[in-house]
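Residue numbers begin at 1 in each chain, while the letters A, B, ... track the order of the sequences.
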2 protein chains.
Amino acid sequence: MKSSKPAVPCCPPLLAGKLTPADVVQLAGLFRVLSEPARLQMLSLIAAQSNQEVCACELVESLGLSQPTVSHHLKVMYEAGLLEKERRGTWIYYRIMQDRLAALKEVFS
Amino acid sequence: MKSSKPAVPCCPPLLAGKLTPADVVQLAGLFRVLSEPARLQMLSLIAAQSNQEVCACELVESLGLSQPTVSHHLKVMYEAGLLEKERRGTWIYYRIMQDRLAALKEVFS
DNA sequence: ACCTTATATTGACGGCCATCAATATTCAGG
DNA sequence: CCTGAATATTGATGGCCGTCAATATAAGGT
């Protein structure tokens with residue numbers, strides 16, 4: 001199972017009306033995912049590809065991190081709804097969920 | 001000293017061109033500040049005030065946190081350039097640095 | 001079936017940080 | 001200069017999580 005979206009809702013504007021405790025916990029969780037330099041670097045690397053995608057192995061080479069660590073970060077971002085993945089043979093390609101990133105803009109409106 | 005801006009630069013777009021290690025460290029730091037539910041709740045509370053400002057003591061009452069903890073969070077956000085403060089008598093009033101928050105939108109463009 | 005390569009999981013370790021109690025500092029009023 | 005109230009600092013503690021080595025799983029080719 002777990003082949004499609006993890007169904008993560010998003011994103012109440014931060015400055016319009018008091019947010020509920022549930023809201024802030026959820027938002028904070030998203031920001032925490034983005035609070036890791038390695039993960040931001042990954043997003044930047046993916047976006048810089050002409051395909052707009054990258055396979056995990058390339059990330060292991062690009063970043064100076066071990067393969068398990070890269071796999072961990074990818075999982076975190078996938079479960080946060082920031083990445084989607086597609087298996088093609090042995091390789092797994094990751095793409096950015098652009099809608100979700102765009103939705104994050106609304107937080108600061 | 002330290003009466004004016006802590007001079008925190010901001011914010012390269014995440015998806016346009018490979019970010020440098022320095023860039024991602026900086027950005028990640030900002031997101032980390034926002035990755036705490038209590039801090040988001042504070043921002044939301046300040047924004048919900050008609051004055052657009054709030055004194056520290058009010059925050060201690062509103063959130064269920066100790067005074068030192070609230071003071072700590074305020075300091076973190078102030079040093080991140082997210083809040084400005086103004087002393088009026090015994091009280092210190094905090095306001096949101098709206099420009100800085102708006103600049104964060106550009107990260108997701 | 002076997003081997004190789006890619007990816008995921010497990011378990012352990014270390015560092016960072018949110019939190020609080022205790023204490024210090026700052027300020028206004030009398 | 002005291003006293004009381006608001007805020008800041010210090011030190012200690014506990015939990016979370018990024019990291020890696022070791023291992024497991026998955027997939028393709030021969």
Return a single string for nucleotides 6-20 of chain D, one symbol per nucleotide in 5' to 3' order, where B is base contact, S is sugar-phosphate-only contact and - is none, cutoff 4.0 angstrom on heavy atoms.
SBBB-------SSBB
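- In this structure, the side chain of A/R95 does not engage the main chain of A/L83 through any donor-acceptor pair within 3.5 Å.
- Using a 4.0 Å cut-off between charged side-chain N and carboxylate O, B/E84 and B/R100 make no salt bridge.
- The backbone N or O of B/Q49 sits less than 3.5 Å from a side-chain atom of B/Q52, completing a donor-acceptor pair.
- For A/R39 (side chain) and A/V33 (main-chain N/O), a donor-acceptor pair under 3.5 Å exists by modelled atom type.
- With hydrogens and angles ignored, the 3.5 Å screen pairs no side-chain donor or acceptor of A/R32 with any backbone N or O of A/L34.
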